[in-house]
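The first residue of the sequence shown is numbered 1, and numbering continues consecutively from there.
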Amino acid sequence: MVGLVACMATFFFFTASPYLQIKNDTMIILPAPKIKGTYTVEEVLQKRRSVRHFSNRPLTLDELSQLLWAGQGITNQDGLRTAPSAGATYPLELLVVVGNVIGISQGIYRYVPSKHSLIVEQRGDKRKDLYNASLRQSSILQAPCSLIITAIYERTTEKYGERGVKYVHMEVGHVSQNIYLQAEALNLHTVAIGAFFDDQVSSVLRLMKNEHPLYIMPIGR
């Protein structure tokens with residue numbers, strides 16, 4: 001059973017980012033991800049489409065766990081992840097706006113890859129706020145949850161200078177494709193949305209000053 005725990009040890013070694021300030025020490029430990037599925041890579045590549053209309057059926061916490069792991073999960077003891085990153089600088093963050101996911105309350109959460117856990121950022125259903133900040137695209141309001149990929153550019157530009165900005169934008173493509181393919185493998189659907197008001201989305205999510213939203217990915221059935 002998933003529960004709220006504080007400072008629980010995990011299989012992964014945790015090193016806090018100098019940029020990421022966790023607001024409290026209460027974490028929701030997610031179900032362990034699976035590394036074998038029903039479909040082959042070739043089958044999900046064939047199936048992959050952008051879908052903008054969703055039913056009101058909820059996601060499960062297992063499904064959300066798998067999607068987050070696909071996007072930024074850690075895959076070995078050295079801290080390497082499911083998506084490639086220039087110089088292993090990992091500038092991207094994953095947040096999730098939860099409206100209807102079995103096993104977790106409505107709210108905004110931040111994914112912590114090193115613990116495969118979620119940190120509670122805000123309580124309550126924020127889908128309408130995100131919808132209003134994103135040109136009122138109905139998929140955001142309909143979907144049981146949306147994943148938001150954000151960037152802290154300094155993590156990469158400190159090593160590569162301004163060239164690092166390009167590397168960050170390449171990386172968001174890697175992560176979003178992972179999420180697309182994992183969604184299809186779970187018989188779910190998503191769409192990558194880049195049309196929104198950056199300042200309004202940042203306000204809804206209460207992002208850190210140096211954190212920037214890049215993609216919104218509503219996910220549902």
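Between the CD1 atom of I149 and the CE atom of M217 there is a distance of 6.0 Å, given to the nearest 0.5 Å. Between L188 atom CG and I179 atom CD1 the span is 12.0 Å, to the nearest 0.5 Å. Remark: I148 CD1 to R110 CZ distance equals 10.5 Å, nearest 0.5 Å. Here CD1 of I28 is found 9.0 Å from OG of S117. Values are rounded to the nearest 0.5 Å. Taking CD of Q66 as the start and CG of L61 as the end, the distance is 11.5 Å to the nearest 0.5 Å. Atom NZ of residue K126 and atom CD of residue Q106 lie 10.0 Å apart, to the nearest 0.5 angstrom.
In this structure, the side chains of L118 and L68 come closer than 4.5 Å at one or more pairs of heavy atoms. Looking at heavy atoms from C-beta onward, I140 lies out of side-chain contact with F54 at the 4.5 angstrom threshold. For the pair T75 and W69, the minimum side-chain heavy-atom distance is below 4.5 Å.
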For a side-chain contact (heavy atoms from CB on, under 4.5 Å) check, start with the C-alpha distance between K128 and N132, then their side-chain angles and the critical distance, and finish with the verdict. CA-CA 6 Å; K128 189 170 184 180; N132 286 330; 3.9 Å; yes
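Legend: residues meeting side chain to side chain contact (heavy atoms under 4.5 Å, CB included) with R49, ordered by chain and number and at least two apart, are absent.
In this structure, S139 and V191 approach most closely via the heavy-atom pair OG-CG1, 4.2 Å. For the pair A183 and T190, the tightest heavy-atom approach, listed with the atom from each and the gap, is CB-CG2, 4.4 Å. Nearest heavy-atom pair across L135 and A195 is CD1-CB, 3.8 Å. Contact between Y180 and S50 at its shortest, heavy atoms only, is OH-OG, 2.5 Å. Here the shortest heavy-atom pairing between V204 and L130 reads CG1-N, 4.1 Å. Nearest heavy-atom pair across S85 and P91 is OG-CD, 3.6 Å.
Screening residues 159-185 for salt bridge (Lys or Arg N to Asp or Glu O under 4.0 Å) gives no qualifying pairs among residues at least two apart or on separate chains. Annotation: ring-ring contact (aromatic ring centres under 6.0 Å, His included) contacts involving residues 194-221, sequence neighbours excluded, comprise Y153-H212.
Each of E93, H116, Q72 was scored for a side chain to side chain donor-acceptor pair (under 3.5 Å) with Y111, with one residue passing: H116. Only one option out of L205, V97, I108 pairs with E121 in a side-chain contact (heavy atoms from CB on, under 4.5 Å); it is I108.
Side chain of Y160 to backbone of G87: a donor-acceptor contact under 3.5 angstrom is found. For T150 (side chain) and E211 (main-chain N/O), no donor-acceptor pair under 3.5 Å exists by modelled atom type. Remark: side-chain polar atoms of R127 are paired, donor with acceptor, to backbone N or O of A143 under 3.5 angstrom. Of the possible polar contacts, none joining the N210 side chain to the I152 backbone as a donor-acceptor pair under 3.5 Å is found.
More than 12 heavy atoms of other residues, nucleotides or ligands sit less than 6.0 Å from atom NE2 of H169. Within 6.0 Å of CD on E43 lie more than 12 heavy atoms contributed by other residues, nucleotides or ligands.
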